[in-house]
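Remarks on the structure that follows.
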Amino acid sequence: MSLIVQKFGGSSVANAERVFNVAGIVTETYDKGNDVVVVVSAQGDTTDDLIAKGNEINPNASKRERDMLVSAGEQISISLLAMAIEKLGYPVISLLGWQAGFQTSSAYTSARIRRVIPNRIRKELDKKRIVIVAGFQGLSKYDDITTLGRGGSDTSAVAIAAAMHADLCQIYTDVEGVYTADPRKVKNARKLKDISYDEMLELATMGAQVLNNRSVEMAKKYNIELEVLSSLVRAPGTIVKEKSRMEKMLISGVAKDTDVARLSVIGVPDEPGLAFKLFSKLSAKNINVDIILQSIGRDNKKDISFTVGADRAEEAKAALADYVENIGAKEIVCSTDVAKISIVGAGMESHAGVASKMFEALYDAQINIQMIATSEIKVSVLINKKDADRAVSAIHEKFFEE
Ligand code: ADP
Ligand code: ASP
Ligand code: MG
């Protein structure tokens, strides 16, 4: 007998028919003699709708109350799935995050899982029940409901798999696995048989929403193999694991992130310490910076540009207002009209010319590059937002279709 964790995303439980479809998958797994723990997200667009409802009442509401509101989405879906499974005649129980033992930090709306104490889940499994757990939520040390950030149910599933030493962790979604690019946008995107944690982490962080990046981080840390597969089409999915035995591919995927902003501090005096001061202002506010570009000093002045998540752009600008004035820089300019396109692949560590191939694809499509950043297994460029989809297609074609 094995312990299997299965996670179903919002589209997999979007309506009654889909809920019964999931109930079918879960009970089939149970019928094979397995212990089954199921993690579910809110139905369809429920989380977006709840956020919009909150904003209608008070756009400046506290994060605590926002978490109280959006966590309700998963309460609906777990109970509906449990009701469907009851109807099929199986023993089942639904549990909220706190009942399932999810203890988190108190960073409302982006809480981190501190630990999962799965005593209640174990007790229910011992009673031979199928256990349905609300994804995306937990409890802070103040006994307040927290949520884990958008897409957080993936992380809930991996956390349970880690805490309970599950034999298998399946992430069911609305596509058949992890592809070389978003299969909804790039028609020739190919399904990957497997992918390493490191590559998947980069792809997820760079915008491939099929897995939440924190879930991949956690899977790597606890060495949990993930299978990403479709809840609607029966086909083998993609295995995410330590080392991929993939047919040697130069890159494993192209990702797009349009939730990004570029800030430029213009006319910074060309002297030591000013970059340090700038970025320490941002780190004090916990604002993550990604691509950084500093121009060569000229007339004792230089420009420093960098990217942040679009949702932090105003905050970053405000955090730097004093800095700009104190050091006598000219101004700070912000643009959200940008997109970050990345290629990811362990193959590029040992191959020259990968970046230039990407730039060639952009040149062929007459797309201008504003900024570039590279790491061992990734190249990212910042471009105009309107060119984003075209850029992904052009790059995908260059690497996978020529
Ligand atoms: P769920 O509701 O199941 O959590 P998400 O919407 O969060 O599903 O993630 C699945 C979506 O991720 C797919 O519908 C697809 O459009 C998108 N996606 C983006 N990049 C990729 C990729 N490289 N491979 C597969 N799907 C991707
Ligand atoms: N329902 C949450 C969201 O929409 C969590 C998730 O889907 O993983 O972000
Ligand atoms: Mg998701």
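Whatever order the structure lists ligands and atoms in, that order sets their numbers, starting from 1. Below, each value reflects all heavy atoms present in this structure, side chains not excepted, and no hydrogens, waters or symmetry copies.
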At the 4.0 Å heavy-atom cut-off, does Gly10 count as touching ligand 2?
no
Does Ala208, backbone or side chain, put an N or O under 3.5 Å from an N or O of ligand 1?
no
Assess Lys256 for proximity to ligand 1: is some non-hydrogen atom of it under 4.0 Å away?
no
Heavy-atom distance to atom 18 (N) of ligand 1: which of Asp182, Thr180, Asn212 wins?
Asp182
Taking 4.0 Å as the limit for heavy-atom contacts, which would you say applies to Gln209 with ligand 1: side chain only, backbone only, both, or neither?
both
Does Gly151 have a heavy atom less than 4.0 Å from any atom of ligand 2?
yes
Would Glu314 and Lys285 pass as an ion pair if we require N to O under 4.0 Å?
no
Between Lys398 and Glu402, does at least one N-O distance fall below 4.0 Å, as a salt bridge requires?
yes
Between the side chain of Ser393 and the main-chain N/O of Arg390, is any donor-acceptor distance below 3.5 Å?
no
Check each heavy atom of Ser153 against ligand 2 and say whether those closer than 4.0 Å belong to the side chain, the backbone, both or neither.
both
Nearest heavy atom to atom 10 (C) of ligand 1: which of Val175, Asp174, Val392 does it belong to?
Asp174
Side-chain donor or acceptor of His396 paired with backbone N/O of Val392 under 3.5 Å:
no
Hey, is Asp48 close enough to Arg150 for a salt bridge, meaning N to O under 4.0 Å?
yes
Does Ala255 come within less than 4.0 Å of ligand 1, judged by its heavy atoms?
no
Compute the shortest N/O to N/O distance between Ser12 and ligand 1 and return yes if it is under 3.5 Å, no if not.
no
Flag Tyr179 as yes when one of its N or O atoms lies below 3.5 Å from any N or O atom of ligand 1, and as no otherwise.
yes
For Gly177, take its heavy atoms, then give the atoms of ligand 1 lying under 4.0 Å from any of them.
24 (N), 25 (C)
Subset of ligand 1 atoms that lie under 4.0 Å from at least one heavy atom of Gly10:
2 (O)
I'd like to check which ligand 1 atoms, numbered from 1 as shown, lie under 4.0 Å from a non-hydrogen atom of Val178.
24 (N)
If you measure every N/O of Asp154 against every N/O of ligand 1, is any gap under 3.5 Å?
no
